[in-house]
Number of protein chains: 2
Amino acid sequence: MAVNKKEEFKKSEIELAEFAKAISHPARIAILKAIADRDVCICGEIVEILPLAQSTVSQHLKELKKAGLIQGTIDGTKSCYCINWKTFEKSANGLNAFFEKAKAKSEANKADCC
Amino acid sequence: MAVNKKEEFKKSEIELAEFAKAISHPARIAILKAIADRDVCICGEIVEILPLAQSTVSQHLKELKKAGLIQGTIDGTKSCYCINWKTFEKSANGLNAFFEKAKAKSEANKADCC
DNA sequence: ATTTTATATCGTAAATATACGATTAATATT
DNA sequence: AATATTAATCGTATATTTACGATATAAAAT
């Protein structure tokens with residue numbers, strides 16, 4: 001049980017799901033917001049803002065990085081993050097295309113059967 | 001440990017994250033697609049399409065229902081699902097507004113510091 | 001050189017998610 | 001009435017996520 005069946009889906013579905021998963025925690029939404037908000041990429045500031053321990057924030061940053069949504073560079077003892085706009089926009093557009101396509105179908109069908 | 005800190009974030013952040021979580025599994029993306037695709041709401045068809053056991057599909061349907069993204073009605077022995085467009089669009093628009101707002105900031109800042 | 005500061009990583013506990021088979025419940029078919 | 005069909009729910013195993021403190025690492029300040 002609990003065997004991973006995720007890979008048996010279409011690549012596009014897996015990618016959409018992965019992006020959604022990356023932003024499926026309020027901390028990660030808040031982090032993206034915080035980074036997008038400032039003109040200089042912040043770092044430990046995020047820890048100040050969030051109601052989470054430093055190590056937990058670091059973990060969330062790691063996941064956002066893994067998803068390619070943010071980038072980080074080390075600046076002295078500090079660590080500086082910014083949005084990776086290329087990936088961010090690409091993912092956002094992909095998700096939006098999914099929404100739009102679904103909506104288009106609904107226009108065509110119009111049959112609200114439930 | 002593993003205490004739930006999610007409720008300590010802003011309501012808007014929690015809502016965005018919850019929607020993202022609802023669509024954070026390829027099976028659920030595939031289910032939404034399948035339902036949106038047909039003009040008649042399907043049911044056991046979904047089980048045929050997905051590489052998952054009936055009970056697992058049922059579980060995923062339950063989660064989509066919990067998120068308000070789909071609705072179901074019983075029709076004899078069959079169960080008929082359709083997209084709850086009101087919630088779906090509202091959620092999709094909310095997420096999109098988040099993307100747009102972030103992007104707008106990036107236009108303003110332009111400082112790619114990393 | 002020592003201490004401080006900033007952040008990543010490790011270890012770990014607890015919670016949640018994923019998946020399935022078995023069972024249940026309720027309608028349909030024979 | 002007996003059986004078949006459909007889908008939800010239950011129980012359960014395993015995997016993943018979330019969270020923290022402790023520790024490690026590396027630069028900065030003293």
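Convention: sequence-line order gives letters A, B, ...; per-chain numbering from 1. All values below were derived from every heavy atom in this structure, side-chain atoms included, with hydrogens, water molecules and symmetry-related copies excluded.
B/Ile46 has its CD1 atom 9 Å from the P atom of D/dA8, to the nearest Å. The interatomic distance linking A/Glu63 (CD) with D/dT16 (C1') rounds to 10 Å, in whole Å. Between B/Leu52 atom CG and C/dA17 atom C1' there is a gap of 13 Å when expressed in whole angstrom units. As a whole-Å value, the separation of B/Glu48 CD from D/dT5 P is 13 Å. Rounded to whole angstrom, the span from the CG atom of A/Leu50 across to the C1' atom of C/dA6 amounts to 16 Å. Atom pair A/Ile14:CD1 and C/dT18:C1' shows a separation of 15 Å (rounding to whole Å applied). Protein atom CG of A/Leu64 is 14 Å distant from nucleotide atom C1' of D/dT18, rounded to whole Å. For B/Phe9 and D/dA19, the CZ to P distance is 7 Å, given to the nearest whole Å.
The side chain of A/His60 places an N or O atom within less than 4.0 Å of a non-bridging phosphate oxygen (OP1 or OP2) of D/dA19. Distances shown here put a side-chain N or O of A/Lys5 below 4.0 Å from the OP1 or OP2 atom of C/dC20. OP1 or OP2 of D/dA8 lies within a sub-4.0 Å distance of a side-chain N or O belonging to B/Tyr81.
Between B/Leu50 and B/Ile31 there is a side-chain heavy-atom pair separated by less than 4.5 Å. Taking the side chain as every heavy atom from C-beta outward, B/Lys65 and B/Tyr81 approach each other to under 4.5 Å.
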Self-check item: Worked check of side-chain contact (heavy atoms from CB on, under 4.5 Å) between A/Leu52 and B/Phe9
Solution: CA-CA 10 Å; A/Leu52 296 173; B/Phe9 291 86; 4.0 Å; yes
Quiz prompt | Trace of the salt bridge (charged side-chain N to carboxylate O under 4.0 Å, His left out) decision for B/Lys103 with B/Glu100 | solution = CA-CA 5 Å; B/Lys103 233 184 284 180; B/Glu100 290 304 321; 3.5 Å; yes
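Looking at B/Leu64, B/Leu69, B/Ile46 one by one, the single match for side chain to side chain contact (heavy atoms under 4.5 Å, CB included) with B/Ile35 turns out to be B/Ile46.
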Please tabulate, one pair per line, each protein N/O and nucleotide N/O from nucleotides 22-30 of chain D that are separated by under 3.5 Å, including the distance.
none

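The side chain of A/Lys21 lies closest to D/dT17, out of C/dA19, D/dT17, D/dT9.
For NZ of B/Lys78, the number of neighbouring non-hydrogen atoms (other residues, nucleotides, ligands) closer than 6.0 Å is 12 at most.
At a cut-off of 3.5 angstrom, counting only N and O atoms as typed in the model, there is no donor on one side facing an acceptor on the other between the side-chain of A/Gln59 and the base of C/dA8.
Remark: side-chain polar atoms of B/Arg28 are not paired, donor with acceptor, to backbone N or O of A/Ala17 under 3.5 angstrom.
Along DNA chain C, the nucleotide nearest A/Leu61 and the nucleotide nearest B/Lys66 are compared for position; the residue whose nucleotide lies closer to the 5' end is A/Leu61. Of the two residues near DNA chain D, B/Val47 and B/Asn4, the one whose nearest nucleotide lies more 5' is B/Val47.
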